[in-house]
2 protein chains.
Amino acid sequence: MEKTKEANPHTWGECTKSILPVRDALEVLSGKWKLPIIISLMFGNKRFSQIAKEVPGITDKMLSKELRELESNDLVKRTVYDSIPVVVEYSLTEYGHSLEIVIKTLRDWGVAHRKRMMVAE
Amino acid sequence: MEKTKEANPHTWGECTKSILPVRDALEVLSGKWKLPIIISLMFGNKRFSQIAKEVPGITDKMLSKELRELESNDLVKRTVYDSIPVVVEYSLTEYGHSLEIVIKTLRDWGVAHRKRMMVAE
DNA sequence: TTTATCACTATCCTTTTGTATACTACTTAC
DNA sequence: GTAAGTAGTATACAAAAGGATAGTGATAAA
């Protein structure tokens with residue numbers, strides 16, 4: 001445990017340098033619903049009520065709130081068609097699409113994790 | 001917008017199939033502190049107070065709570081050395097190390113995001 | 001005329017998450 | 001005897017996140 005006691009003082013810088021950008025990413029993607037919404041839009045542009053149907057369990061309030069945040073972070077684009085009744089289409093921006101690899105990695109890990117849980121029980 | 005109106009009914013299954021594992025992953029990694037703690041341990045085994053120093057802003061209570069959750073999910077291992085005073089060493093399990101690629105992806109995106117924000121302002 | 005769809009908003013409430021502060025018990029160093 | 005370091009716990013509180021339910025206003029279909 002000597003190695004523990006004087007664990008590299010220089011890791012501090014490296015470590016913090018790693019933590020900060022991860023924290024930035026987490027801030028933009030925080031909450032229970034943002035990633036599910038983005039995933040839903042990865043499969044195509046959708047209207048409000050369509051997203052609501054595809055994301056299991058979300059309420060209108062949450063969907064509305066999260067879409068606004070995603071829009072303000074330039075991950076999602078909102079397009080209003082002035083038909084009757086008004087139709088609003090949501091789509092991923094190019095920047096939103098840059099999250100695809102993050103989501104794929106997370107999903108792969110999640111799949112493995114779920115398998116692991118099944119075996120354990 | 002016709003294409004929007006009848007957006008593939010079959011995306012439902014695919015979409016939900018993607019959302020569920022991501023949700024599993026998010027559950028294990030949820031909260032403000034779990035990933036920062038894991039990152040800190042990626043740089044080497046650490047004692048309680050060392051982690052507290054390396055994760056900017058965390059309180060003892062949160063660190064203690066999150067470590068317990070990470071331990072119960074088999075991501076972190078807790079080893080007590082009965083020296084005087086007692087020393088407790090935390091380390092990533094093999095399973096914990098499997099998160100490295102997730103974190104790397106998230107960090108890369110975070111770095112790009114931070115750059116983007118700087119340019120915008 | 002009631003009902004349904006569109007895309008939301010408003011209000012109230014509970015749960016979760018996080019913070020602040022103080023405290024434990026032990027030992028070494030000053 | 002007092003402070004500092006070891007690894008936390010206890011209590012109280014504040015803030016944020018999320019859920020439940022209802023309502024808006026336009027239109028169209030039964």
Side-chain angles (χ1 to χ4, degrees), chain A residues 1-7 9 19 23 26-37 40-41 45-73 76-91, chain B residues 1-7 9 19 22-23 26-38 40-41 45-73 76-91:
Chain A
M1 66 215 160
E2 266 313 284
K3 71 180 179 318
T4 304
K5 247 173 191 157
E6 54 216 14
I19 289 176
R23 184 172 284 186
L26 287 183
E27 205 163 318
V28 177
L29 305 175
S30 70
K32 196 174 173 179
W33 303 111
K34 292 202 190 71
L35 285 177
I37 292 169
S40 162
L41 291 177
N45 303 352
K46 306 249 163 66
R47 285 172 295 114
F48 189 89
S49 52
Q50 285 182 312
I51 305 174
K53 267 173 217 145
E54 290 202 354
V55 176
I58 197 168
T59 61
D60 284 0
K61 177 192 160 187
M62 278 298 120
L63 180 52
S64 164
K65 186 191 151 219
E66 300 295 59
L67 280 172
R68 255 180 281 130
E69 283 184 42
L70 291 170
E71 204 195 341
S72 85
N73 279 311
V76 162
K77 188 176 161 222
R78 183 175 184 270
T79 312
V80 181
Y81 294 100
D82 55 354
S83 54
I84 288 173
V86 147
V87 162
V88 181
E89 187 185 67
Y90 291 93
S91 54
Chain B
M1 66 221 163
E2 264 316 281
K3 71 179 182 315
T4 304
K5 246 173 194 156
E6 53 218 13
I19 288 176
V22 169
R23 185 174 282 186
L26 286 184
E27 205 163 318
V28 178
L29 304 176
S30 70
K32 195 173 171 179
W33 303 110
K34 293 204 189 68
L35 284 177
I37 292 169
I38 290 169
S40 162
L41 291 176
N45 304 350
K46 305 249 164 67
R47 285 172 295 115
F48 188 88
S49 53
Q50 284 181 311
I51 304 174
K53 266 172 218 146
E54 290 202 355
V55 177
I58 197 168
T59 61
D60 284 359
K61 180 190 161 190
M62 277 298 119
L63 181 51
S64 164
K65 186 190 152 220
E66 299 296 59
L67 280 172
R68 257 180 280 132
E69 284 184 42
L70 291 171
E71 204 195 340
S72 85
N73 279 313
V76 161
K77 188 175 162 227
R78 181 175 185 271
T79 311
V80 179
Y81 295 100
D82 55 354
S83 54
I84 288 173
V86 148
V87 161
V88 181
E89 187 186 68
Y90 291 93
S91 54

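Letters A, B, ... mirror the listed sequences (proteins, then strands); counts begin at 1.
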Could you pull out all residues at least two apart from E69(A) that satisfy side chain to side chain donor-acceptor pair (under 3.5 Å)? K34(A)
Partner residues of S64(A) under the side chain to side chain donor-acceptor pair (under 3.5 Å) criterion, sequence neighbours left out: R68(A)
Sole residue of L70(B), N73(B), I38(B) in side-chain contact (heavy atoms from CB on, under 4.5 Å) with L29(B): I38(B)
Criterion side-chain contact (heavy atoms from CB on, under 4.5 Å) against S40(B), the qualifying member of I51(B), I58(B), L35(B):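 When I51(B), I58(B), L35(B) are each tested with S40(B), the side-chain contact (heavy atoms from CB on, under 4.5 Å) holds only for I51(B).
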Apply side-chain contact (heavy atoms from CB on, under 4.5 Å) to S49(A) and list each qualifying residue two or more places apart in sequence or on a separate chain.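 Testing S49(A) for side-chain contact (heavy atoms from CB on, under 4.5 Å), a comparison that skips the adjacent residues, returns R47(A).
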May I ask you to test the R78(B)-V80(B) pair for a side-chain heavy-atom distance under 4.5 Å?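 Yes, side chains in contact.
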Nearest-0.5 Å distance, CD of residue E89(A) to CG of residue L41(A): 9.5 Å
Inter-residue atom distance E66(B).CD - E71(B).CD, 0.5 Å rounding: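 E66(B) CD to E71(B) CD: 13.0 Å, rounded to 0.5 Å.
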How far apart are the closest heavy atoms of S91(A) and N45(A), and which atoms are they?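 Distance-wise, the nearest heavy atoms are CB-OD1, 3.2 Å.
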On a heavy-atom basis, the closest approach of L67(A) and F48(A) is CD1-CD1, 4.0 Å
Protein-to-nucleotide contact annotation, 5' to 3' order, nucleotides 4-23 of chain C [B base; S sugar-phosphate only; - none; under 4.0 Å, heavy atom]: --SSBS-BB-----BBB---
Computed from five pairs at either end and rounded to 10 degrees, the angle between the axes of the helix from dT1(C)-dA30(D) to dC30(C)-dG1(D) is 20°
Considering only heavy atoms of chain A and a distance under 4.0 Å, specify the first and last nucleotide of DNA chain D in 5' to 3' order that meet this criterion.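 It runs dG18(D) to dT27(D).
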